[in-house]
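As the structure is a computational prediction, the values presented were derived from the model and not from experiment. The sequence lines fix the lettering, A, B, ..., with proteins before strands; numbering per chain opens at 1.
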Amino acid sequence: MLQVNQIRADFDQACIGLKKRNLENPEDLLRQVLLLDDQRKKIQMDRDNFQAESNNMAREIGQLMRTGKKDEAEKIKEKTASLKSKVKLLEEEYNEVENTLTQLLYTIPNIPHHSVKPGNSAEDNEEVLQHGSLPVLDHKHKLPHWDLIKKYDIVDFELGAKITGAGFPVYKGKGAKLQRGLINFFLEEAEKAGYEEVQPPILINEESGYATGQLPDKEGQMYLAAEDGLYLIPTAEVPITNMYRNELLSAAELPKKNVGYTPCFRREAGSWGAHVRGLNRLHQFDKVEIVQITHPEHSYQTLDTMSLHVQGLLQKLGLPFRVLRLCGGDMGFTAALTYDLEVFSAAQERWLEVSSVSNFETYQSNRLKLRFKNESKKTLLAHTLNGSALALPRIIAALLENNQSEKGIRMPEVLLPYLGFEWIS
RNA sequence: AGAGGAGUGGCAGAGUGGUCGAUUGCGGCGGUCUUGAAAACCGUUGAACCGCGAGGUUCCGGGGGUUCGAAUCCCUCCUCCUCUGCCA
């Protein structure tokens, strides 16, 4: 969530930023935040004063008891009663105001970076670069991937539906091997780039969900193991970033770089439509995620580095891609700046999002209480960033479609050591 | 899952109702000495919030309670260790 101090320091900028997200009247919202914060401070001051008085009396009583002056001690004891009830009352008031303030802050999204343009939807996203020429398939070999996977029997949706339901495919034979190969390829590329591999839990508790911003607004998007109050992760971002919850790091430890492979689970409630056939959208899918915790001064440079890392993967796989800078209306709630990377899927003749790389600045770290001590020993919130590197199903879709020919589907050169086969045929 | 034990500052580890935010050691930082370094010695060293400041409040796993006063007593939850059981 936003820091109150940040809002106070630059009220106008905050409003301008939030307007890019099409917030109706950020001025009123933010003014209310400041008002509640003022109230909070005032109550705290009163409470602290009464508490200090009460503490002094307790100390006095201690002195008197030790010197055996019980009568005097008793007299003072009587006086503490009214103080105590005042403190208690103010305590309750404080909690109430603070709670209201927190709830309000939960409803306010992150302030977009100054480079983010206003906009309403994906239509308004800005293409920052495009790489590779779009493959043109001849008519005979222009099957969409959902036909190809049937033809070569490498992904089975009906089987998955039998076991679980729609959107939970079974990968078979070379399909399964392709998944495993891609995961290893992605993990090793990340390792070469200095990321430490982790295998986090794929169920998370409520606290973790709040810290990275999936809760309270996106619980409908996650599967819940109700018996234990645990959610299945929608992305490895949640467990990996939460490794650093309540941590106070030294500047020398930054940046923290982690990569992790996990399955991801999304209910995708209400988002099924014409464009979600085959591997385009699933309830369970595999993803390799990169996460960095950085010094605030370096986070945007890091964002570029992460974007370049993902671009490198796509180049090595020989997939044409483009990079979009998301507009205010399309960007996630918690992000300050997001680049989406999309590959071109030659049979569908569509761009498919395969990665989303974001800088959250202090929006997550504020909830995480993820801080570091800077060069002058001051405690500051760190910046958090993450990106998919990469999400598998759409990569597979594009690889299958773009590389089809009469001989079958040819696997990219870089994957051969990971696969042990060159053709799916 | 059952029985027992334990959770204290970056780490180790004292403290069982009254100046305890906490003895001490290690580590860190600063200094003395040294050509430099090590050793030795001296000093310093937790966090959050409020306040212009002086200063104040809170925090000894989390939450709640008893008391004028809680790291210390009570309740509850969590985590870890040991033993027993079960199991991939």
Side-chain angles (χ1 to χ4, degrees), chain A residues 1-9 33-105 199-211 215 225-231 239 242-254 256 263 293 362 364-382:
Chain A
M1 60 187 164
L2 294 179
Q3 304 172 72
V4 177
N5 288 341
Q6 185 185 354
I7 297 171
R8 209 179 279 284
V33 168
L34 295 185
L35 205 74
L36 282 165
D37 192 52
D38 289 339
Q39 263 180 56
R40 201 198 94 243
K41 288 181 186 179
K42 193 186 172 310
I43 296 167
Q44 178 174 353
M45 239 182 336
D46 290 348
R47 184 201 61 188
D48 285 0
N49 286 335
F50 285 126
Q51 186 61 254
E53 215 177 311
S54 171
N55 287 347
N56 280 331
M57 285 188 185
R59 233 164 280 157
E60 229 175 295
I61 291 170
Q63 288 287 344
L64 293 170
M65 295 295 268
R66 240 173 297 143
T67 51
K69 295 175 184 164
K70 286 200 172 158
D71 292 350
E72 287 181 49
E74 283 303 321
K75 268 187 221 160
I76 299 176
K77 268 194 203 181
E78 283 166 30
K79 282 199 270 182
T80 59
S82 74
L83 275 179
K84 278 188 70 177
S85 65
K86 273 181 198 161
V87 170
K88 197 170 178 192
L89 215 71
L90 287 167
E91 194 84 27
E92 280 164 17
E93 227 175 292
Y94 183 92
N95 289 338
E96 208 178 298
V97 171
E98 196 188 34
N99 208 4
T100 311
L101 177 58
T102 306
Q103 291 304 322
L104 184 64
L105 285 170
Q199 278 195 21
I202 58 176
L203 275 84
I204 51 134
N205 58 30
E206 213 175 53
E207 216 179 330
S208 295
Y210 274 97
L215 297 173
E227 190 82 4
D228 300 287
L230 300 174
Y231 294 89
N242 268 283
M243 297 196 307
Y244 300 99
R245 173 149 48 88
N246 289 324
E247 290 291 319
L248 180 55
L249 306 168
S250 66
E253 288 177 89
L254 298 177
K256 289 278 185 185
I293 315 294
T362 60
Q364 290 184 327
S365 58
N366 191 25
R367 287 199 207 178
L368 286 157
K369 291 203 178 67
L370 163 51
R371 299 155 304 162
F372 75 102
K373 273 203 198 285
N374 74 359
E375 303 68 29
S376 45
K377 305 259 162 109
K378 216 180 152 208
T379 308
L380 296 173
L381 292 172

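- In this structure, B/U79 forms a base pair with B/A6, meeting either the Watson-Crick or the G-U wobble geometry with both donor-acceptor distances under 3.5 Å.
- The base-pairing partner of B/A22, taking Watson-Crick or G-U wobble contacts with both distances under 3.5 Å, does not exist among the strands shown.
- Remark: the separation of the P atoms in B/G4 and B/U76 is 14 Å, to the nearest Å.
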Which pairs of donor and acceptor atoms, one on a side chain in residues 37-44 of chain A, lie under 3.5 Å apart (sequence neighbours left out)?
{"from": "A/D37", "atom 1": "OD1", "to": "A/R40", "atom 2": "NH1", "distance (Å)": "2.2"}
{"from": "A/D37", "atom 1": "OD2", "to": "A/R8", "atom 2": "NH2", "distance (Å)": "2.9"}
{"from": "A/D38", "atom 1": "OD1", "to": "A/R8", "atom 2": "NH1", "distance (Å)": "3.4"}
{"from": "A/D38", "atom 1": "OD1", "to": "A/R8", "atom 2": "NH2", "distance (Å)": "3.2"}
{"from": "A/R40", "atom 1": "NE", "to": "A/Y94", "atom 2": "OH", "distance (Å)": "3.2"}
{"from": "A/K42", "atom 1": "NZ", "to": "A/D46", "atom 2": "OD2", "distance (Å)": "3.2"}

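- Not one N or O on the side chain of A/N205 forms a donor-acceptor pair closer than 3.5 Å with the backbone of A/L230.
- Both A/A58 and A/R371 lie close to RNA chain B; mapped to their nearest nucleotides by heavy-atom distance, the more 5′-ward contact belongs to A/A58.
- Contact record, A/M65 with A/A73: SD-CB, 3.8 Å, taken as the closest heavy-atom pair.
- No engagement by A/N49 is indicated, since no non-hydrogen atom pair under 4.0 Å with the nucleic acid exists.
- Of all nucleotides present, none satisfies the Watson-Crick or G-U wobble test against B/A37 with each distance under 3.5 Å.
- Under a 4.0 Å N-O distance rule, the pair A/R245/A/E207 qualifies as a salt bridge.
- Across all strands shown, B/U84 is found opposite B/A1 as a Watson-Crick or G-U wobble partner, with both distances under 3.5 Å.
- Remark: the backbone N or O of A/S250 is paired with a side-chain donor or acceptor of A/E253 at under 3.5 angstrom.
- Rounded to the nearest Å, the gap between the P atom of B/G46 and that of B/U23 is 10 Å.
- Here the range on RNA chain B touched by chain A, meaning any atom under 4.0 Å from one of its heavy atoms, is B/G18 to B/G69.
- Nearest-nucleotide positions on RNA chain B for A/K41 and A/Q63 put A/Q63 closer to the 5' end.
- For B/G56 and B/G62, the P atoms lie 24 Å apart once the distance is rounded to whole Å.
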Between A/L370 and A/L381, does the side chain to side chain contact (heavy atoms under 4.5 Å, CB included) criterion hold? Intermediate values first, please. CA-CA 6 Å; A/L370 163 51; A/L381 292 172; 5.9 Å; no
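- When heavy atoms are screened at a 4.0 angstrom cut-off, A/S54 is found touching no nucleic acid atom at all.
- Across B/G18 and B/G28, the matching P atoms stand 36 Å from one another, rounded to whole Å.
- Nucleotides B/G9 and B/G27 have their C1' atoms positioned 13 Å apart, rounded to a whole Å.
- By the 4.0 Å N-to-carboxylate-O rule, A/R371 lies too far from A/E247 to be salt-bridged with it.
- In this structure, A/M57 reaches neither bases nor backbone, as no heavy-atom distance under 4.0 Å exists between it and the strands shown.
- The nucleotide B/G43 finds its pairing partner in B/C29, both defining distances of the Watson-Crick or G-U wobble pair being shorter than 3.5 Å.
- If you check every strand for non-hydrogen atoms under 4.0 Å, A/Q51 touches sugar and phosphate atoms only.
- No contact: A/I76 has no heavy atom under 4.0 Å from any strand.
- Between A/E74 and A/K77 there is a salt bridge, since at least one side-chain N of the basic residue sits less than 4.0 Å from a carboxylate O of the acidic one.
- For the P atoms, the distance linking B/A71 with B/U19 amounts to 10 Å, nearest Å.
- With both ends at atom P, the span from B/C77 to B/G2 equals 11 Å, rounded to whole Å.
- Spacing of P atoms, B/A22 relative to B/C29, comes out at 24 Å, to the nearest Å.
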